[in-house]
There are 2 protein chains.
Amino acid sequence: MSMFKKVLVSDDLECINEGVVSVLHGMNIEHITQVAYCDDAFLQIEKAMLVKEPFDLLITDLSFVADHRSQKYPSGETLIRALKEKYPGLKIIAYSVEDNLQKVRNIVLQCNADAYVCKGRYGLKQLAQAIEDVYGGKQYLSPQVANAIQKKMAIEISDYDIEILKLLSQGFIQKEISFNFTKNNIQPASVSSIEKKISKLCDHFKARNTTQLVAIVKDIGLI
Amino acid sequence: MSMFKKVLVSDDLECINEGVVSVLHGMNIEHITQVAYCDDAFLQIEKAMLVKEPFDLLITDLSFVADHRSQKYPSGETLIRALKEKYPGLKIIAYSVEDNLQKVRNIVLQCNADAYVCKGRYGLKQLAQAIEDVYGGKQYLSPQVANAIQKKMAIEISDYDIEILKLLSQGFIQKEISFNFTKNNIQPASVSSIEKKISKLCDHFKARNTTQLVAIVKDIGLI
DNA sequence: AAATCCCTTACGGTTTTCCGTAAGGGATAA
DNA sequence: TTATCCCTTACGGAAAACCGTAAGGGATTT
């Protein structure tokens, strides 16, 4: 049975790194490299590519706690996006504690990750399954987030909507949002349109008012 | 050098469990038991106490993903609180990815945990330090949350405040909150008082309106 | 070209929020 | 007792949100 030969593991939590590595060992993968920063991950992959010994697979966490080292890629998202643009052939598995569907959609649809595995109770088992599936050219999602990819909702909520929600959560009133949009050439920019859009969002998320709307979209990780 | 003899590790993420165990081994602690559910943790501690071979220390995660097994203690909070009430002598270290100060305050001040360690980049090193400190009768907090315990803020925000914030986040308007409080004999219950309290909270959290207020308190984990 | 549809915008009225002021009442101090 | 302080409550006006309606304009259809 063939399998990935060379794998890079990126996670700032050392103990999780160890768990992943033990899984890889269990699958008889010998060439394993570990890093704790996204920038290191990128460099490792670049370097390996240059010396013609590229990595086959990257397993990366999403959230990396910031510390004294300033980073070009502060999060798994940015890392995945950059890598998939430059090396579309590289397989990437996201391995995160986050299980909100919006996050999963973003990682899989926008960043083009090949799999999304939740660090849950059976995380390592699922990770093993993900590695097999991805090796076979398939996509893998942990069961608890498998229903994230029904593009319906993904396209219903636009960047425009998210911008409004962000500004609302920052305390701006509708008139100020209108000014902001006018200034930045975002359309529609009228108070009336923004008002209607907020109303639509309230319907969609079953919120009774703006306050609850922001609470809800914060809960599901939309902003 | 003496040290804890018998330790229980509770964490639903198997890989993290392994990391913690490797630290304990490194400290020459031999009797280590692992569980993946809070209820199991409680039972193990009860049982050990009955046969007069009690655990000295519990290291537990806070968030346990719910699955098919219904649990009496669904989270680390409830587990810690229950254990500390029944066995005040048992040392408990919380080990969590969450780093918001409100959560830390709750765990340390309300639940009486002996230490709070963040699963960060240096989580295992900090955990080792925490074990030593707690063994020496001291409290330990990871550096990134060390400033959580300035009781000032902890007492400024009351259960009453939190109830208002919760209801706001659920879309209730001030009049409805007033009805609710009247019905439940919570005072003050007048719209005017609730209005003023919200205003105070907006000042305190530097929010421009209720929407931003809810966004902020959600961010810091207050609700 | 005319009709239709949809999106944007404007407007008016009601509800809710926001903010200052003030009255009433209980606790404490002079 | 009187004075003072603080908390609760009421009230009124301005700002903002909420909600329905309608006009204007661009794109598509007939």
Side-chain angles (χ1 to χ4, degrees), chain A residues 152-219 222-223, chain B residues 152-219 222-223:
Chain A
K152 192 163 55 78
M153 153 132 179
I155 54 169
E156 269 180 28
I157 307 298
S158 65
D159 289 349
Y160 177 83
D161 298 307
I162 292 179
E163 189 58 27
I164 288 182
L165 292 169
K166 277 186 185 164
L167 292 173
L168 284 175
S169 76
Q170 289 164 22
F172 292 98
I173 65 174
Q174 296 172 3
K175 203 198 299 180
E176 291 171 326
I177 297 176
S178 172
F179 284 148
N180 184 308
F181 281 8
T182 305
K183 184 160 59 74
N184 294 88
N185 286 328
I186 298 174
Q187 272 172 339
S190 72
V191 176
S192 185
S193 292
I194 290 164
E195 195 181 311
K196 283 193 173 18
K197 178 54 82 175
I198 293 172
S199 176
K200 289 266 184 207
L201 288 168
C202 279
D203 286 347
H204 185 270
F205 289 108
K206 303 196 193 336
R208 302 174 65 190
N209 53 40
T210 308
T211 304
Q212 188 183 12
L213 175 63
V214 166
I216 290 171
V217 297
K218 269 202 154 320
D219 272 338
L222 202 57
I223 56 173
Chain B
K152 194 162 54 80
M153 153 131 178
I155 54 169
E156 270 181 26
I157 305 298
S158 65
D159 290 348
Y160 177 82
D161 298 307
I162 292 178
E163 189 59 28
I164 289 182
L165 292 169
K166 277 186 184 163
L167 292 173
L168 285 175
S169 76
Q170 289 163 22
F172 293 97
I173 65 173
Q174 295 172 3
K175 203 197 298 180
E176 292 170 325
I177 296 177
S178 172
F179 284 148
N180 184 308
F181 280 9
T182 305
K183 185 160 58 74
N184 295 90
N185 286 329
I186 298 173
Q187 273 172 338
S190 70
V191 176
S192 185
S193 292
I194 289 163
E195 195 182 312
K196 282 192 174 20
K197 178 55 82 176
I198 293 172
S199 176
K200 288 267 184 206
L201 287 168
C202 279
D203 286 347
H204 184 270
F205 289 108
K206 304 198 194 332
R208 301 174 66 190
N209 53 40
T210 309
T211 303
Q212 188 183 13
L213 176 63
V214 166
I216 291 171
V217 296
K218 270 202 154 320
D219 270 338
L222 202 56
I223 58 174

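By convention in this document, chain letters (A, B, ...) are assigned in the order of the sequence lines, proteins followed by strands, and residues within each chain are numbered from 1.
- We find that OH of Tyr160(A) is positioned 10 Å from C1' of dT8(C), with the value rounded to whole Å.
- Rounded to whole angstrom, the span from the CD atom of Gln212(B) across to the C1' atom of dA16(D) amounts to 15 Å.
- With contacts defined as side-chain heavy-atom distances shorter than 4.5 Å, the pair Ile198(B)/Thr210(B) qualifies.
- Side chains of Glu163(B) and Asp159(B) form no contact here, defined as non-hydrogen atoms less than 4.5 Å apart.
- Distance Phe179(A) CZ to dA16(D) P: 10 Å, rounded to the nearest Å.
- Residues from residues 163-178 of chain A placing a heavy atom under 4.0 Å of any atom in DNA chain D, listed by number, are Ile173(A), Gln174(A), Lys175(A).
- Residues Ala215(B) and Ser169(A) share a closest heavy-atom pair of CB-O, 3.5 Å.
- For residues 157-203 of chain A, every residue pair satisfying the ring-ring contact (aromatic ring centres under 6.0 Å, His included) rule, not counting sequence neighbours, is listed here: Tyr160(A)-Phe181(A).
- Thr211(B) contributes atom OG1, which lies 11.0 Å from atom CD1 of Ile216(B) (distance to the nearest 0.5 angstrom).
- Residue Ser199(A) holds its OG atom at 10.0 Å from CG of Leu213(A), rounded to the nearest 0.5 Å.
- Within the 4.5 Å cutoff, the side chain of Leu201(A) has heavy atoms near those of the Ile157(A) side chain.
- Between Arg208(A) atom CZ and dC18(D) atom P there is a gap of 12 Å when expressed in whole angstrom units.
- Within the structure, the salt bridge (Lys or Arg N to Asp or Glu O under 4.0 Å) test picks out the following pairs touching residues 186-207 of chain B (sequence neighbours left out): Asp161(B)-Lys197(B).
- For the atom pair NZ of Lys166(A) and CD1 of Ile164(A), the computed distance is 12.5 Å after rounding to the nearest 0.5 Å.
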Determine all donor-acceptor pairs shorter than 3.5 Å in which one atom belongs to a side chain in residues 183-194 of chain A; sequence neighbours excluded.
{"unit_1": "Ser190(A)", "atom_1": "OG", "unit_2": "Ser193(A)", "atom_2": "N", "d": "3.0"}
{"unit_1": "Ser190(A)", "atom_1": "OG", "unit_2": "Ser193(A)", "atom_2": "OG", "d": "3.0"}

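- Within residues 183-197 of chain B, the residues that place at least one heavy atom under 4.0 Å from DNA chain C are, in residue-number order, Glu195(B), Lys196(B).
- At least one donor-acceptor pair closer than 3.5 Å links the side chain of Asn209(A) to the backbone N or O of Gln212(A).
- End-to-end axis angle of the helix from dA1(C)-dT30(D) to dA30(C)-dT1(D), using five pairs per end and rounding to 10°, comes to 10°.
- Contact annotation for Thr210(B): backbone-only contact, meaning every heavy-atom pair under 4.0 Å involves sugar-phosphate atoms and none involves a base.
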